[in-house]
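Worksheet: one structure, shown below.
Reckoned from all heavy atoms, side chains included, excluding hydrogens, waters and symmetry mates. Chain A is the first sequence line, chain B the second, and so forth, proteins listed ahead of strands; every chain is numbered from 1.
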Amino acid sequence: GAVVSQHPSWVICKSGTSVKIECRSLDFQATTMFWYRQFPKQSLMLMATSNEGSKATYEQGVEKDKFLINHASLTLSTLTVTSAHPEDSSFYICSASRLAGAETQYFGPGTRLLVL
Amino acid sequence: GENVEQHPSTLSVQEGDSAVIKCTYSDSASNYFPWYKQELGKRPQLIIDIRSNVGEKKDQRIAVTLNKTAKHFSLHITETQPEDSAVYFCAAKSGYGGSQGNLIFGKGTKLSVKP
């Protein structure tokens, strides 16, 4: 159990377009989902935390108007990169935990975004 | 807030040898410490975790130790195999404040096991 999927697995887009990434918990209800960004050979940097039905909590330095997060159900959270630019190119990974404040996070396979 | 330091950044061992990766944390209220293994281009996989009420935990060839007083925890891999080669991340769950419940990750250790 505890499988998390992401879609798409990779995306290439033109500068100025918006890209939506989906994160789904397949076999459990995820009260909390997390969005991370990972640059090559670097660590996981938390972007935001979202709880179902409420607004996401963004980490310092992350633009909430640029990275729109929606957690509309207990199995789906979406991250939309608006007006993407080349510097937004990165590996975006989501994770989910079963309960609010639960310790274990289960990670999705990641989405590689390349903005031309 | 919490800060996690991880050492070394790279580690190369011969197959069969042991590997040790160390992490320190700053928030004394942190109470959960997982270790993740990430192969190139893939998702982080939880390999072992420890809670602050336990000093050591073992699962086959993998063990984690926690020293709450010194605020450091370590991952030990014995009898390493080539398939252990990956990047390993430690993390600490912050105990309070605006980031309560969030995992703060170390910078990672690239482990290479030479056959």
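Of the atoms belonging to A/Gln38, it is side-chain heavy atoms, and not backbone ones, that fall under 4.5 Å from chain B. Both the backbone and the side chain of A/Leu44 come within less than 4.5 Å of a heavy atom in chain B.
Between the side chain of A/Ser43 and the backbone N or O of B/Gly106 there is at least one donor-acceptor pair closer than 3.5 Å.
Within a 6.0 Å radius of NZ in A/Lys66, other residues, nucleotides and ligands contribute more than 12 heavy atoms. Counting heavy atoms of neighbouring residues, nucleotides and ligands inside a 6.0 Å radius, atom CD of B/Gln60 does not exceed 12 of them. For B/Glu83, the CD atom is densely surrounded, since the number of other residues' heavy atoms within 6.0 Å is greater than 12. Heavy atoms of other residues, nucleotides or ligands lying less than 6.0 angstrom from CG of B/Leu40 number 12 at most. Within a 6.0 Å radius of CD in B/Glu15, other residues, nucleotides and ligands contribute more than 12 heavy atoms. Counting heavy atoms of neighbouring residues, nucleotides and ligands inside a 6.0 Å radius, atom NE2 of A/His85 exceeds 12 of them.
Taking the side chain as every heavy atom from C-beta outward, A/Leu46 and B/Phe105 never approach each other to under 4.5 Å.
With rounding to the nearest 0.5 angstrom, the CG atom of B/Asp49 is 5.5 Å from the OG1 atom of A/Thr104. To the nearest 0.5 angstrom, A/Lys41 atom NZ is 15.5 Å from B/Lys107 atom NZ. Here A/Ser97 contributes atom OG and B/Leu103 contributes atom CG; the two are 9.0 Å apart, rounded to the nearest 0.5 Å.
Counting heavy-atom pairs closer than 4.5 Å to chain A, the top residue among B/Arg51, B/Lys110, B/Gln6 is B/Arg51.
For A/Phe107 against B/Pro44, the heavy-atom pair with the smallest separation is CB-O, 3.7 Å. Taking all atoms of both residues into account, the shortest heavy-atom contact from B/Arg43 to A/Val4 is NH1-O, 2.9 Å.
At a threshold of 4.5 Å between side-chain heavy atoms, the hydrophobic network of Ile, Leu, Val, Met, Phe, Trp and Tyr places B/Val64 and B/Tyr88 in one connected group.
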